[in-house]
Asks: 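The structure is given below, and queries will be raised subsequently.
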Amino acid sequence: MNRIKLYCTYSREKMKFKPIGNGQVKMYVCGPTVYDFAHIGNARPVVVFDLFYRMFLQSYGEANVTYVRNFTDVDDKINERAKKLGIKIGELTNSTIEEYLFDMDSLGALRPNFMPRATNYIEHMIEMIKKLIGSNNAYPDNGGHVMFSVKTFQDYGQLSRRTIEEMKAGARVEVAQNKRDPMDFVLWKPSTENQPGWESPWGRGRPGWHIECSAMSKELLGDSFDIHGGGIDLAFPHHENELAQSLCAYPGKNFAKYWLHNGMLTVEGHKMSKSLGNFVTVRELLEDGISGDAIRLALISSHYRQPLDWTKKRLNECGETIKRWKELTLGKKEIEIQSNKVLEAIYDDLNTPKAISEMHHLAKNGDYEGLLASLRFMGFLDTRTEEKKPEIESEVKKLVETLIERRKKAKLDKDFELSDHLRDALSDAGVIIKDLKDGVEWEFSDEFNVSKLKEI
RNA sequence: GGCGACGUGGCGGAAUGGUUACGCAGCGGAUUGCAAAUCCGUCUAUACCGGUUCGAUUCCGGUCGUCGCCUCCA
């Protein structure tokens, strides 16, 4: 159990993991703002923290791990998009959440124990803001805003390792009139009639971005928990601000003990952006027939803290690897994962490339049961994600069999011109033929085309 | 401008103060009528310049380069 080591962003070093509670592991991961389909960059932390979750489940037992991942369902981006689509905000957030969960299920990600929605915790946020005003860590202006005062928190900037002065020097933020310090951030802001809003001591309004995670983590995990995770871009300002709020609201507590951040993702060498037109959504990939397992493997093919370049080549290679492993382990006995090198690699700050390499060793050594157990542990071959390929009619199958028989006969007659023609034609129609020692095997490829087959 | 990360063979990608993964591609072989698939074998690397050291790819300093954050962002 003490074998787990994690790199903590706060301390900037790899540390032995020791949970705060006795044998209880609590983790909170910042989830998506729900206004559109999840892109591949959204999927990375989901898969990465799914593996952390599985690692803790393996090590501490199902009953002793609590995993929370929130949905941010109040945000100006949501308002804009709902307006653009001409639908209600609730409709947009509900449907986006549904699609998100479908996509993440497809990637083999287990659902967290709790998936709180920000809008269900507004009252907790208001309570926390009141508390912060009471302790002089926050102040209202006269226009319905409440600001957090960064100067009142001595350690502000510790997580992201920057000082208030440095940030001001390079800041491009507009200095709002109502802020005592340019780095002060908004806890609560007023809403117009058209914007979603809730009654509060400061008038009808809505929360700023950061307060929701502080409020929800407190409610669901308490004022001290073990893991706080998300993308590295969240370290500042989101996590820095959460940390400041929570520690000021609950002095003397830990808030989060270990801060884990995954690196960012680029697409074919470029930052993913809508203007470059290189936005890749999980749904697109799935609809292109790429398996969730292939996407999952690609997402963990480099270490989670490293940047990851999402390329077609990587995805193809991972697809081939998964396909091979699937074939090798098909119908093999299900066993519990043994204490092995795959597990060791994962316990060492989630060294997934090492774990993958060890799985290659298992495959090479013919330890297919070990490979299967490792695949399951790593979240592959999830039965929920089994591709539901459309049933191909049996008469089509018969046609293929007939053609293969004809090729076989041609081969026996040493009519290689005919047999090669049949092979090429079948291949062109999407039927892959494998001549094995003791017979012929065949399967449909993804490009299977019935009309081409019938033309043969 | 400020802060930070990184630079490993053709590509991807771990690890390490001395012996260096693993995958893909390539090459050679087995198999095959020829292929495909499969199996076996195999080549290529630690950006550059200094320093510490018996010894550095690994530690330290500098140079160059790439990327990220500082503004919504996983």
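All values derive from a computational prediction rather than experimental measurement. So that the names make sense, note that chain A is the first sequence line, chain B the second, and so on, each numbered from 1.
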Asks: For G41(A), report the nucleic acid contact type (base, sugar-phosphate, nothing); a contact means any heavy atom under 4.0 Å.
Replies: base

Asks: Choose from rG23(B), rA74(B), rC69(B) the nucleotide whose nearest atom is closest to any side-chain atom of E317(A).
Replies: rG23(B)

Asks: Measure the distance from CG on L234(A) to P on rC70(B) and round it to the nearest whole Å.
Replies: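 After rounding, the reported distance stands at 10 Å.
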
Asks: With a non-hydrogen cut-off below 4.0 angstrom, is R314(A) in contact with a base, only sugar-phosphate, or nothing?
Replies: sugar-phosphate

Asks: Please evaluate residues W325(A) and H360(A) with respect to the criterion ring pair (Phe, Tyr, Trp, His ring centres under 6.0 Å), reporting the C-alpha separation (whole Å), side-chain torsions for both, the decisive distance (0.1 Å), and the verdict.
Replies: CA-CA 9 Å; W325(A) 284 347; H360(A) 282 296; 4.9 Å; yes

Asks: Looking at the side chain of W209(A), which of rC73(B), rG4(B), rA74(B) is the nearest nucleotide?
Replies: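 The answer is rC73(B).
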
Asks: If you check every side-chain atom of F236(A), which of rC72(B), rC70(B), rC24(B) has the closest atom?
Replies: rC70(B)

Asks: Classify the nucleic acid contact of H361(A) as base, sugar-phosphate or nothing, counting any heavy atom under 4.0 Å across all strands shown.
Replies: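 Sugar-phosphate: the residue H361(A), judged by heavy atoms under 4.0 Å, touches backbone atoms but no base.
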
Asks: State which residues pass ring-ring contact (aromatic ring centres under 6.0 Å, His included) with F185(A); sequence neighbours excluded, sorted by chain then number.
Replies: F148(A), H210(A)

Asks: Rounding to the closest angstrom, what is the interatomic distance between rC54(B) and rG12(B) at atom C1'?
Replies: 36 Å

Asks: For E242(A) and H238(A), test the side chains for any donor-to-acceptor distance below 3.5 angstrom and give the result as yes or no.
Replies: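 Note: E242(A) and H238(A) side chains meet the donor-acceptor criterion.
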
Asks: According to the interplanar angle, ranging from 0 to 90°, do the rings of H239(A) and H228(A) count as parallel (below 30°), tilted (30 to 60°) or perpendicular (above 60°)?
Replies: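 Ring orientation, 0 to 90° scale: perpendicular.
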
Asks: Would you mind reading off the distance between N79(A) atom CG and rC72(B) atom C1', rounded to a whole angstrom?
Replies: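 Going from CG in N79(A) over to C1' in rC72(B) covers 14 Å.
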
Asks: Could you spell out the base pairing of RNA chain B as a dot-bracket line? Use Watson-Crick and G-U wobble contacts where both distances are under 3.5 Å, [ ] for crossing pairs, | for partners on a different strand.
Replies: (((((((..(((.....[...))).(((((.......)))))....(((((..]....))))))))))))....

Asks: Out of rC11(B), rA74(B), rC72(B), which has the shortest distance to the side chain of K313(A)?
Replies: rC11(B)

Asks: Taking Y53(A) as the fixed residue, which of I227(A), T66(A), V65(A), V25(A) is the one that meets the side-chain contact (heavy atoms from CB on, under 4.5 Å) rule?
Replies: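 Only one of I227(A), T66(A), V65(A), V25(A) forms a side-chain contact (heavy atoms from CB on, under 4.5 Å) with Y53(A), namely V65(A).
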
Asks: Under 4.0 Å, counting only non-hydrogen atoms across every strand here, what does H303(A) touch: a base, just sugar-phosphate, or nothing?
Replies: sugar-phosphate

Asks: For the residue pair Y258(A) and F17(A), categorise the inter-ring angle as parallel (less than 30°), tilted (30 to 60°) or perpendicular (more than 60°).
Replies: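 Taking F17(A) first and then Y258(A), their aromatic rings sit tilted (interplane angle of 30° to 60°).
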
Asks: In terms of side-chain heavy atoms of N351(A), which of rA15(B), rG4(B), rA74(B) is nearest?
Replies: rA15(B)

Asks: Run the numbers on D349(A) and Y304(A) for side-chain hydrogen bond (donor to acceptor under 3.5 Å, both in side chains), then give the verdict.
Replies: CA-CA 9 Å; D349(A) 196 33; Y304(A) 78 95; 2.7 Å; yes

Asks: Select base, sugar-phosphate, or nothing to describe what Q306(A) touches, counting heavy atoms under 4.0 Å on all strands.
Replies: sugar-phosphate

Asks: Classify the angle between the aromatic ring planes of W259(A) and H261(A) as parallel (below 30°), tilted (30 to 60°) or perpendicular (above 60°).
Replies: parallel

Asks: Where do K257(A) and C8(A) come nearest, in terms of heavy atoms and distance?
Replies: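 Heavy-atom minimum between the residues: O-SG, 4.1 Å.
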
Asks: Nearest-Å distance, NE2 (H261(A)) to C1' (rC73(B))?
Replies: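 After rounding, the reported distance stands at 13 Å.
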
Asks: Tell me, for nucleotides 33-47 of chain B in 5' to 3' order, what letter each nucleotide earns: B for a base near a protein heavy atom under 4.0 Å, S for only sugar-phosphate near one, - for neither?
Replies: BBBBS-S--------

